[in-house]
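Report on one structure; see the data block that follows.
Proteins get letters first, then strands, A, B, ... in listed order; numbering begins at 1 in each.
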There are 2 protein chains.
Amino acid sequence: MARKKDRAPVRKREILENFYQVLVEEGLERASLARIASRMGIHPSLIIHYFSTKEKMVGELVQYILERYQETFLPQLDGIKNPRERLSVILNSVFGTEWMSLVDGGAFFSCYALSYRNQQIRESFQKMYYTLREILVEELRNCIREGVIRDGDPEKLADFIISLLEGYDYYRGLMEDCENFEELGGYLKEVVKRVLGMEV
Amino acid sequence: MARKKDRAPVRKREILENFYQVLVEEGLERASLARIASRMGIHPSLIIHYFSTKEKMVGELVQYILERYQETFLPQLDGIKNPRERLSVILNSVFGTEWMSLVDGGAFFSCYALSYRNQQIRESFQKMYYTLREILVEELRNCIREGVIRDGDPEKLADFIISLLEGYDYYRGLMEDCENFEELGGYLKEVVKRVLGMEV
DNA sequence: AAATTAATTGAATATTCATTTAATTATTCG
DNA sequence: CGAATAATTAAATGAATATTCAATTAATTT
């Protein structure tokens, strides 16, 4: 049984990173295998060798992109016990500037648009929001129990927060100067706190 | 001076309608001139004849799509004097089912994603939200003056409403059954009213 | 060092794409 | 009707596309 080093996952990730970059710089319609390969100084057929088809590669790109969000505020919450503090960290993260710089909006919404016709991509997105929702519900529940926020339906509140944060992401993509959208982010955060019944 | 009937605008609109349909059914990456033409039973070069280039056609498609929103609740407000009633009509429209069926989400967000790399498309979107914001600010101002809603910054409140409605549009695109997103729409509407200080 | 497996390239494929130019058919005007 | 103009088609173009299969180079194991 000949055992070889498994460098395939590393190479695949490299390709995905370059795919993402081309996507950001040139748009989905111009993000061809040839361009990705040329940017890496490799041959296009090597990409096919690793992903077998472009559609599968796009599917993996979506997961690659969505994982970034998963990995954002979860580490930030490590070690924080106080529910109020935890919720603040989440809101600051989501309506702050870090969240926005995680993924390019053009790339993100291009992928999102694909979810309307590609079942696998659709499920990736659904899974991500299902997880996010679960996290939020859990945090909100704890805050209600501790009296940090007013009593209410944590699931609906979670949906409200998700809607608002994605709408913020969307709307911000059309703003020109960052002062404006930083200000908006701060304002939306306060609105959420008011809706939750958290003293500001 | 030979005067001819100007049927070009009509034909262009027909082409845009078919472009939109192909976009919905096949996605942006497959919405080629050949497919649009074949669906119409015409020759691809005829499309070029009217739009001269595909990029320009896409630009006009975006305007065509965005106009639908402009034409939504403005007619609905005709004849309604009462500020409270006007605001209710707007919120019902925006968080209701009509708004969603106006434009296919896949088509809409595909176009939105283009705005990150295409200046003309970007400006079309910006213009649309500028107009929407102006309308909302005006309505909110009237409601504040009449004591229908609590005193507050109408511009920030408008941005809040726009963020939430677009986030709702986005999030809804991932939901499977319409009961859920109708319920969410109703809930978000109540949240907005609470934030505005409108008695529910 | 030889053999085996993985990584990568090369060249060829058929398809699809937007666009051009010239020719043809319809329509409208005088 | 006849001339002018618009609407439409035909055919050809070259570039770009994803994907194929076979060949080659590099790495690892025995």
Between B:F160 and A:Y187, ring centroids under 6.0 Å: no
Heteroatom pairs (N/O) under 3.5 angstrom, protein to nucleotides 22-24 of chain D:
none

Salt-bridge contact A:R133-A:E138 (side-chain N to carboxylate O under 4.0 Å): no
Residues within residues 20-37 of chain B bordering DNA chain D, heavy-atom distance below 4.0 Å: none
Within residues 144-158 of chain A or reaching into it, pairs that qualify as side-chain hydrogen bond (donor to acceptor under 3.5 Å, both in side chains) - sequence neighbours excluded: A:N142-A:R145
Salt bridge (charged side-chain N to carboxylate O under 4.0 Å, His left out) against A:R84, all qualifying residues, sequence neighbours excluded: A:E199
Inter- and intrachain pairs under side-chain hydrogen bond (donor to acceptor under 3.5 Å, both in side chains), touching residues 164-174 of chain B, at least two apart: A:Y129-B:Y170, A:D159-B:Y171, B:Y129-B:E166, B:D169-B:R172
Residues that A:R30 engages under side-chain hydrogen bond (donor to acceptor under 3.5 Å, both in side chains), provided they are two or more places apart: A:E26
Extract all donor-acceptor atom pairs below 3.5 Å that involve side chains of residues 175-182 of chain A and protein atoms in other chains or at least two apart in sequence.
residue: A:E176; atom: OE2; partner: B:R122; partner atom: NE; Å: 3.3
residue: A:E176; atom: OE2; partner: B:Q126; partner atom: NE2; Å: 2.7

Contact residues, residues 108-124 of chain A to DNA chain C [heavy atom, < 4.0 Å]: none
N-O pairing of B:R11 and B:E14 below 4.0 Å: yes
With sequence neighbours excluded, residues passing salt bridge (charged side-chain N to carboxylate O under 4.0 Å, His left out) with A:E85: none
Which residues share a salt bridge (charged side-chain N to carboxylate O under 4.0 Å, His left out) with B:E67, sequence neighbours left out: B:R13
Whole angstrom value for the distance that separates C1' of D:dA6 from CD1 of B:I48: 18 Å
B:M40 CE - D:dT9 C1' separation (whole Å): 14 Å
Side-chain heavy atoms of B:Q120 within contact of B:E60, under 4.5 Å: no
Atom-pair distance (CG on A:D6; P on D:dA27), nearest Å: 17 Å
Pairs touching residues 28-71 of chain B that satisfy ring pair (Phe, Tyr, Trp, His ring centres under 6.0 Å), sequence neighbours left out: B:Y69-B:W99, B:Y69-B:F108
Distance, rounded to the nearest Å, where B:E14 contributes CD and D:dT8 contributes P: 8 Å
B:R35 charged N/C atom sitting above B:F19 aromatic ring, 6.0 Å / 45°: no
Reading 5' to 3' through nucleotides 8-15 of chain C, protein heavy-atom contacts under 4.0 Å coded B for base, S for sugar-phosphate only, - for none: BBB-----
